[in-house]
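These numbers were taken from a predicted model, which means no experiment stands behind them. Note on naming: letters A, B, ... go to the chains in the order of the sequence lines (proteins, then strands), and numbering restarts at 1 for each one.
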Amino acid sequence: MNVFSAFKANIEKEIKIMIANGDLPDDTNSSRVSVELPRDPSHGDLSTNAAMVLAKPAGLKPRDLAETIAERLKAYDSVESSEVAGPGFINLRLSDNFWCQRLIEILQAGTDYGSGELGQNRAVNVEYVSANPTGPLHVGHARGAVVGDVLASLLAKAGFAVTREYYINDAGGQVDVLARSAYLRYREALGEDIGEIPEGLYPGEYLKPVGESLVARDGDKWQNADEVDWLPEIREVAVDAMLDLIRDDLGVLGIAHDLFSSERALVEAGAVDTVMKTLEADGLLYVGTLEPPKGKLPDDWEERPQTLFKASEFGDDTDRPLMKSDGSWTYFASDLAYHQDKYQRGFPVMIDVWGADHGGYVKRVAAGIKALTGDEGELDVKLCQMVRLLENGEPAKMSKRSGNFVTLRDLVEAVGKDVVRFIMLTRKNDAPLDFDLVKVREQSRDNPVFYVQYAHARCHSVANMAQDAFPGADFTTKSLIEADLSQLTDSDELALIRALAAWPRTVEGAAEAHEPHRLAFYLYDLAAAFHALWSKAREEPGLRFVIADDQELTRARMALVRAVQTVIASGLGVMGVTPVDELRE
RNA sequence: GCGCCCGUAGCUCAGCUGGAUAGAGCAUCGGCCUUCUAAGCCGAAUGUCGCAGGUUCGAAUCCUGCCGGGCGCGCCA
């Protein structure tokens, strides 16, 4: 249960009754009513602005209306107290029993707790990584990969039908460069001395196996052939090899896309031409000349008429070119076709995860989607800022085995998949992120991965201790549901339960806002609440989870501990991080 | 020059789509520590939320204009 939306529903029900009674006007609009957590816990468990929002249109005084609503809410069993405060807030305190019910709910649901109906099975497409298939993934890709993957899992958890997609940019000049680079390695594999890899080609050794496999397959067939003959063949082999490489890299991060979409296939199927015809028919294309870009002027700038899309009519700053001077389509043109294709495949909501250096591109794609879908298609681009690799605050000097960048694989091998995934979510996607290879392995409170994992491990360990204390006792989840939870009365115990009960709302909020980082922050806060209770028991032994001579109390507390363990596991599950039962190495 | 993102405690950052006295970790200061499992624990202090206007019952949050930082700016993807 999302406690907040449940009470919002209750309040809306009361508003309807008040309208029927004539206490509120017929046209009362409750859309701005919200139920939230009071900043100060002493104000209660829940707080609503209903009276303040509704009073003015109804011609009532906020506090008077608040009194009326507050009085009505007192009738609910779950409401312990209902008070008016400040300018007209209604503060609700819910009964201990209500919170204990949430505990039972968690134990019954297991790690499915927090899964919701928000999405109502609506289709959402999350496109992420989409790195050019020209080499291994590097650290920068890792962030977008995690953000996209966890966002997808989060949306799935919230009830959306999610497709994880990778767009393969296999139609541009970059893959031709790849093909030429692979061709060199092919000649090398045939025994030629190829010397230094020329400037402009990919020097990475990861292309050597491609050259070797070409020799194994085709022998010296291409050795003296013209480029026009070998390029398409070798390009295809090389791109496939690079995609295998990328899939492997993503695999070590625990990521598997549902769908790889090829730009080349799209272009060859005529999708771009179709889009152009559509735009043409709508009068959105023309041949014109753009102003030279301000700031840095490209060396080879010359004025030239181009086929332009009227992006400025859809919110972009200027119109955008669709055709290169050699007559081929620009990347933007095929990108329009790609997004229209996604839309037509049944995805009105499209989320793209890009690097921040593509920020200048958002408006034109959004404009294109608007033009092509008549405002029906919705695009949200999540831009991921840079990741700075550090070692104890200093720029990291990791060994770089593959060319001149740190690969995703190097990073995962250095600190592990779980650490990479968690740390990548410790910042909003649009803020730069410092990834300190030393700090993320520290066992301390300022290492969030450790802190959260430690909470989970501690739950596991406490359960073992309880079992040792009461060897014959039944502490299975099924049994814990039957425990007498009214014995959980300490303020910190109840605070912990409230924190647990906030999980469904966290999932919904994060899913709605497309902000997966909120999960990491929630788990950190939850872990803190759990550790705090643990620490408190050092001062007050009566609060220990395991009470040697009181099996029933221990059972109730085990229910709480099991619930903490469950919610942490649920959260880590969405993040793709494996919860650990032990931290010993 | 234009566009996008950012500006919150000494530092690194949250702030739940407009709510009440703006939060956490680190650092600082003062106590405690022969422990159910190992991160030590408890407490204190710390703010013109970049600046100035505006919108409203109410603004860190929305609008406008400045200041400062990052990224980008026709045939690269």
Listed nucleotide nearest any side-chain atom of A/Arg518, set B/C16, B/A39, B/G19:
B/C16
Under the 6.0 Å and 45° cation-pi test, does A/Arg505 pair with A/Phe4?
yes
Under-4.0 Å side-chain N/O to phosphate OP1/OP2 contact, A/His514 with B/C16
no
Does A/Ala537 reach a base, just sugar-phosphate, or nothing at all? Heavy atoms under 4.0 Å.
base
Under 4.0 angstrom, heavy atoms only, what part of the nucleic acid is A/Asp468 near: base, sugar-phosphate, or nothing?
nothing
Given B/C4, B/U12, B/C6, identify the nucleotide with an atom nearest to the side chain of A/Leu383.
B/C4
Any base atoms under 4.0 Å from A/Ala510, or only sugar-phosphate, or nothing? Heavy atoms, all strands.
nothing
Drop me the distance from A/Tyr286's OH to A/Phe309's CZ, to the nearest 0.5 angstrom.
10.5 Å
Hey, does A/Arg505 reach any base, or is it just sugar-phosphate, or nothing, if we go heavy atoms under 4.0 Å?
base
A/Arg458 vs A/Thr426, nearer the 5' end of RNA chain B by closest nucleotide
A/Thr426
When you check the phosphate oxygens OP1 and OP2 of B/G25, does a side-chain N or O of A/Lys439 lie under 4.0 Å from one of them?
no
Any base atoms under 4.0 Å from A/Gly172, or only sugar-phosphate, or nothing? Heavy atoms, all strands.
sugar-phosphate
Under 4.0 Å, heavy atoms only, any strand: does A/Lys536 hit a base, just the sugar-phosphate, or nothing?
nothing
Any A/Lys428 side-chain N or O less than 4.0 Å from OP1/OP2 of B/G15:
yes
Which whole-number value in Å describes the distance from A/Asp40 CG to B/G15 P?
20 Å
CH2 of A/Trp354 versus P of B/C5: gap in Å, rounded?
14 Å
Heavy atoms under 4.0 Å, any strand shown: does A/Gly173 hit a base, just sugar-phosphate, or nothing?
sugar-phosphate
Presence of A/Lys363 side-chain N/O under 4.0 Å of B/G3 phosphate oxygens OP1/OP2:
no
For a quick check of understanding: with a heavy-atom distance under 4.0 Å over all strands, which category does A/Pro321 fall into, base, sugar-phosphate or nothing?
sugar-phosphate
Which atoms of nucleotides 22-24 of chain B (N or O only) lie under 3.5 Å from a protein N or O atom, and what are those distances?
none

Heavy-atom nearest nucleotide on RNA chain B taken for A/Pro305 and for A/Asp170; more 5' hit belongs to A/Pro305
Which residues share a side-chain contact (heavy atoms from CB on, under 4.5 Å) with A/Arg102, sequence neighbours left out
A/Met1, A/Val3, A/Phe98, A/Trp99, A/Glu105, A/Ala501
